[in-house]
**Q** 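I'd like to ask you about the structure that follows.
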Amino acid sequence: MRDCLSSSLTTADPRSDYLLFDSIQIWRKSGLVEQTSLVVFWANNLNSMSELKQQLSELRALSSGIPFAVMSDEERPAALNELIASGARAFLPTTLSLDAILKALYLVQRGGFFIPAQCLLSLPSGGVVNAPADLSELFSPRQLAVIKAMRKGMSNKVIAYELTMCESTVKVHVRNIMKKLKAKNRTEVAFVTQQMFPD
């Protein structure tokens, strides 16, 4: 599966280099960590989360600022929260088209997040955090606008431009939003609020 995907991605996007490694340790020894702009981690078994979380922890420790996505041929909604909490910026089931995978990887490389709609819809009600149904009671209108932009995967710089505010102000809003929702990262904010917005 991994070889097939790498070959397909290389054919569809010849400007990028897609390299395969059997383990995080082999990738580390390759000397290519510094040149890596994105890691796609293949998860064989989403049921064995303890082993997967250990590997993702190793990946985070090694590639401090490099974004990573998790790909699997399983779509287990219960595993999504743990993957996002582990720092994954995207979950890519193999049911996605090659074009969708390329666009998701492009988004993640530029600071965005990606979770397929079918995965979000299959989450049990209640989501990641129990938050109030009426966001206007919890957030100011500007914070609500920032949340909507975050849900679209926009970076702080883009949000600042779109909402005509300073990037430092956006950072403060994002920090306060995450604190109020008890969310660990931006993707959890998207998870938590996806049921609260009709779109």
**Q** Shortest non-hydrogen contact from Pro67 to Gln109?
**A**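 The answer is CG-CA, 4.4 Å.
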**Q** Can you name the side chain to side chain contact (heavy atoms under 4.5 Å, CB included) partners of Asn176, sequence neighbours left out?
**A** Gln143, Val172
**Q** Which atom pairs, donor and acceptor, lie under 3.5 Å between side-chain atoms of residues 87-96 and protein residues at least two apart or in another chain?
**A**
| unit_1 | atom_1 | unit_2 | atom_2 | d |
| --- | --- | --- | --- | --- |
| Arg89 | NH1 | Gly111 | O | 2.8 |
| Arg89 | NH1 | Gly112 | O | 3.4 |
| Thr95 | OG1 | Glu75 | OE2 | 2.7 |

**Q** Any chance you could measure Leu107, atom CG, to Phe114, atom CZ, to the nearest 0.5 Å?
**A** 8.5 Å
**Q** Do Phe41 and Val33 sit in one hydrophobic cluster, given that two such residues count as connected whenever their side-chain heavy atoms are within less than 4.5 Å of each other, even indirectly?
**A**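 Hydrophobic grouping puts Phe41 with Val33.
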**Q** For the CD atom on Gln35, are there more than 12 heavy atoms of other groups (residues, nucleotides or ligands in this structure) within a distance under 6.0 Å?
**A** yes
**Q** Answer yes if Phe113 and Val40 sit in the same cluster of Ile, Leu, Val, Met, Phe, Trp and Tyr residues linked by side chain heavy atoms under 4.5 Å apart, and no otherwise.
**A** no
**Q** For a side-chain contact (heavy atoms from CB on, under 4.5 Å) check, start with the C-alpha distance between Leu19 and Trp27, then their side-chain angles and the critical distance, and finish with the verdict.
**A** CA-CA 9 Å; Leu19 305 175; Trp27 172 52; over 6 Å; no
**Q** To the nearest 0.5 Å, what is the distance between CZ (Arg15) and OG1 (Thr10)?
**A**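 Those atoms lie 13.0 Å apart.
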**Q** Short question: side chain of Thr36, backbone of Leu38 - any donor-acceptor pair under 3.5 Å?
**A**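 Side chain of Thr36 to backbone of Leu38, a donor-acceptor pair under 3.5 Å: no, none is there.
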**Q** Hey, could you give me the CZ/CG distance between Phe21 and Leu32, rounded to the nearest 0.5 Å?
**A**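 Going from the CZ atom of Phe21 to the CG atom of Leu32 covers 5.0 Å.
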**Q** What's the separation between atom CG in Leu98 and atom OG1 in Thr11, rounded to the nearest 0.5 Å?
**A** 8.5 Å
**Q** Among Ile147, Val146, Val189, exactly one meets side chain to side chain contact (heavy atoms under 4.5 Å, CB included) together with Val174. Which residue is that?
**A**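 That would be Val146.
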**Q** Side-chain polar contacts of residues 153-169 - donor-acceptor pairs under 3.5 angstrom, sequence neighbours left out - could you list them?
**A**
| unit_1 | atom_1 | unit_2 | atom_2 | d |
| --- | --- | --- | --- | --- |
| Ser155 | OG | Val158 | N | 3.3 |
| Asn156 | OD1 | Arg186 | NH1 | 2.7 |
| Asn156 | OD1 | Arg186 | NH2 | 3.3 |

**Q** Quick one: OG on Ser97 to NZ on Lys103, what's the gap to the nearest 0.5 Å?
**A**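 Atom-to-atom, Ser97:OG and Lys103:NZ are 8.0 Å apart.
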**Q** Between OG of Ser72 and CH2 of Trp42, what distance do you get to the nearest 0.5 Å?
**A** 5.5 Å
**Q** Honestly curious: do Met71 and Tyr18 fall in one hydrophobic cluster under the side-chain, below-4.5 Å linking rule?
**A**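 Result: yes, single cluster for both.
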